[in-house]
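Side-chain atoms are counted along with the backbone in the values below, which use heavy atoms only and exclude waters and symmetry mates. Convention: sequence-line order gives letters A, B, ...; per-chain numbering from 1.
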Amino acid sequence: MKSPQFAPEASRFRPRGNPGSTARALRGRGAVLPYLFLGFLIVYFLIPIWWLFVASTKDAQDLFTSPSALWFGKGFNLIPNLSDLFTYDEGIYIRWLLNSVLYALAGGLGATALAVLAGYGFAKFKFSGRRLSFSMLLGSVMVPATALVIPTFTFFSDLGLTDTIWAVILPSLLNPFGVYLMLVYTSDAVPEELLDAARVDGAGEFRTFLQVALPLLRPAIVTVLLLSVVANWNNYFLPLAMLSDKNLFPITVGIGLWEGQASANNGGGYSLWGLIIAGCLISIVPLVIAFLSLQKYWRGGLAVGALK
Amino acid sequence: MATTLSASPSRQKPISDPVRRRSAQGRRRNVGWLFVAPFGIVFVLFLVAPLLYALYLSLFNKGLATGTTFVGISNYVKAFTDPNFLNGVAFVLLFALVLIPVQMAVSLAAALVLDAFSSLFVRFSRLMIFLPYAIPAVIGALMWGFLYSPSFGPLQQIFGANAPALLSPSNIFGALVNVVTWQWAGYYMIIIYAALQGIDKSLYEAARIDGANGWQIAWRLKVPMVASSLVLIVVFALIGTLQFFTEPEILAPISNGSIQPNTTPNIYAYSQAFSYANFNYASALSFALGIVVLIAIYIFMFATRKRGSILS
């Protein structure tokens, strides 16, 4: 098997973000206006998150009476608020958190595995029926997940699959855009000669895929995985339609439930609003961390989707 | 093939043997199907089958007294004459017409600035602008709902008694435009930015030698070069906007009636399915909305006469 030696070399084929060299020349000249614009955008995009953080440090009374909505109140009550959140209703929020993790990871890993295999199949084999299935794939990229929710619900409802974890996980295995992304990336990053060399060396097709192609596809795999996990973590319509047992809810649907109860209470639900605010804060932490720490991967991957 | 060839490392041998080569290629074709098949099964089970089943359901009606009866296209006739559905369609079309230009302007401007300058601050801004993409739409809508609200948000502290009621029926449209722009502009910015980064840098040098300044390079060179990305983004934004559901659904409980069960077609279909258990009509509404989306995309493509590569 020669392939491991090829791998580092072939990784030069990877499209990389090029830190702008002309950009450096521009720096400092008339840059005040663009920098002001960026500063304004940062404030705009961070204000809701800042508000959420500040609000989750306030106790129930401070939340309504503190003189500034965008600054801290009298005490710093983040820890008590979080312990209220995690103990309310026998710790239902922790259940929702774990459900979200399960749905996001199971759906995300499954969808990514299917996308890697299918993308490789489309990119590297001229099988019969390829053109037709490829057009169907492209057509389905245009069908948003939202449009499928009610049809899938009616279908699952007659199969008796609704209100189970499968009702959320199985439909989220479908990610045509992921397949498309993998296809484009595979065509670029896996040279035909490398595969032929492995075949000549006696590797079977599946082994060639695992040992030669797969290592070259890592940036695209991380991107597709991250995008699928985000889509599933953020999903609301599908679990809302499929689930009625609140023990199966993901965070998004759970917080939606609390919001409905708190608004129906019309002011009686003060403590619930505090829980909602703390719950929102916790729910955004995992993905924000994932995005910040994996940015060098998804930037390259998204670039492929944009260029082709 | 694998075992026979591993004994002889020569590359010439299989090529000089046309019969074996052809059969090996035939086998490779089948292997292609094996790679695609797992996704193909999911595709059939969770996309084709639900759509066909819903299409079938949409051609029937279920009555308590009459049972299930075939009604042909009458559910579609009902949908396209149902003022609730038509008002929802008008709402999302108008929403797309206002939202998409705003969103495109923000994300294009941000991408151009981020592409033209480079410093720690610029890289930091890029991440911060993209951040909302990682936040669930439910949470995004709730956070803005809190900021809009007189009891939680800063408006009353800034404007006192004259604070604008951003969730009132006359302001809800703008309030929703703001939430969706905030949520998605960063994602579109990253796509445009990636396309900008892919442009050959020597073009800029050539333009500068010809006397073009930074603004001219941005408008005359960069924007046309990323036009196909822009078209693609508009198509995706259009599809997403016409299917509008999560944000209005989340803001509905705190909007004091500004958002009704018929505000968008998807909310209407959802309420038909789950409040009235009217699955036949809800399925028809889903397809009717799909038809509207197709027509809208077709009109847009016809108007721009320029295709994103994903469609060609």
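Proximity to chain B (any heavy atom under 4.5 Å) is shown, for A:Phe122, by both the backbone and the side chain. Proximity to chain B is limited to the side chain of A:Ser133, based on heavy atoms less than 4.5 angstrom apart. Within the 4.5 angstrom heavy-atom criterion, only side-chain atoms of B:Pro132, from C-beta onward, approach chain A. Interface residue B:Val113: only side-chain heavy atoms are found under 4.5 Å from chain A. Within the 4.5 angstrom heavy-atom criterion, atoms from both the backbone and the side chain of A:Ala241 approach chain B. Proximity to chain B is absent for every atom of A:Asn235, based on heavy atoms less than 4.5 angstrom apart. Contacts of A:Phe209 with chain B are made by side-chain atoms alone, with heavy-atom separations under 4.5 Å and no backbone atom involved. Contact of B:Leu45 with chain A is made through the backbone alone, with heavy-atom distances under 4.5 Å. Contact annotation for B:Leu289: neither backbone nor side-chain heavy atoms come within less than 4.5 Å of a heavy atom of chain A. Proximity to chain A (any heavy atom under 4.5 Å) is shown, for B:Ala109, by both the backbone and the side chain. Heavy atoms of B:Phe43 lying under 4.5 Å from chain A belong to its backbone as well as its side chain. Only the side chain of A:Leu148 has a heavy atom closer than 4.5 Å to any heavy atom of chain B. Contacts between B:Phe244 and chain A at a heavy-atom distance below 4.5 Å are absent for every atom of the residue. Both the backbone and the side chain of B:Ile250 have a heavy atom closer than 4.5 Å to some heavy atom of chain A. Contacts between A:Phe237 and chain B at a heavy-atom distance below 4.5 Å involve backbone atoms as well as side-chain atoms. For A:Leu281, no part lies under 4.5 angstrom from a heavy atom of chain B. Interface residue A:Leu52: only side-chain heavy atoms are found under 4.5 Å from chain B. Using a 4.5 Å cut-off between heavy atoms, B:Tyr133 touches chain A through backbone and side chain atoms alike. Within the 4.5 angstrom heavy-atom criterion, atoms from both the backbone and the side chain of B:Asn178 approach chain A. With a 4.5 Å cut-off on non-hydrogen atoms, A:Leu240 touches chain B through its backbone and its side chain both. Both the backbone and the side chain of B:Ser125 come within contact range of chain A, each with at least one heavy atom under 4.5 Å from a heavy atom of that chain.
The shortest distance between side-chain heavy atoms of A:Ile276 and B:Phe146 falls below 4.5 Å. Within the 4.5 Å cutoff, the side chain of B:Trp182 has heavy atoms near those of the A:Pro48 side chain. The side-chain heavy atoms of A:Pro151 and B:Tyr53, taken from C-beta on, include no pair separated by under 4.5 Å. Between B:Val138 and A:Ile251 there is no side-chain heavy-atom pair separated by less than 4.5 Å. Looking at A:Phe134 and B:Val36, their side chains never come closer than 4.5 Å, going by heavy atoms from C-beta outward. Under the 4.5 Å side-chain criterion, counting only non-hydrogen atoms from C-beta, B:Ile139 is not in contact with A:Asn234. Between A:Leu287 and B:Ile135 the shortest side-chain heavy-atom distance does not fall below 4.5 Å. Taking the side chain as every heavy atom from C-beta outward, B:Phe124 and A:Ile42 approach each other to under 4.5 Å.
Atom CG of B:Leu57 and atom CG of A:Asp158 lie 6.5 Å apart (nearest 0.5 Å). Atoms OG and CZ, from A:Ser172 and B:Phe46 in turn, are 9.0 Å apart once rounded to the nearest 0.5 Å. Within the model, atoms CG of A:Leu292 and CG of B:Leu131 stand 6.0 Å from one another, a figure rounded to the nearest 0.5 Å. Rounded to the nearest 0.5 Å, atoms CE (A:Met142) and CD1 (B:Ile297) are 6.5 Å apart. Separation of atoms CD (A:Glu259) and CD1 (B:Ile254) is listed at 5.5 Å; rounding is to 0.5 Å. Between the CZ atom of B:Phe287 and the CD1 atom of A:Ile150 there is a distance of 11.5 Å, given to the nearest 0.5 Å.
A centroid separation of less than 6.0 Å is found between the aromatic rings of A:Phe153 and B:Phe279. Ring pair A:Phe291/B:Phe130: centre-to-centre distance below 6.0 Å.
Contact tally against chain B (heavy-atom pairs below 4.5 Å) for A:Phe37, A:Phe155, A:Phe45: the top residue is A:Phe45. Interface summary for chain B: among A:Ile284, A:Thr252, A:Leu174, the most heavy-atom pairs under 4.5 angstrom belong to A:Leu174. With respect to chain B, the highest number of heavy-atom pairs below 4.5 Å among A:Val288, A:Leu46, A:Leu170 belongs to A:Leu170.
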With ring pair (Phe, Tyr, Trp, His ring centres under 6.0 Å) as the criterion, how do A:Trp273 and B:Phe152 come out once you've worked through the C-alpha distance, each side chain's angles and the decisive distance to 0.1 Å?
CA-CA 10 Å; A:Trp273 285 120; B:Phe152 294 99; 5.5 Å; yes

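The backbone N or O of B:Met143 lies less than 3.5 Å from no partner atom in the side chain of A:Trp51, so there is not a single donor-acceptor pair.
Aromatic ring orientation, B:Phe35 versus A:Phe206: parallel (interplanar angle below 30°, classes split at 30° and 60°).
Side-chain polar atoms of A:Tyr35 and B:Ser119 form a donor-acceptor pair below 3.5 angstrom.
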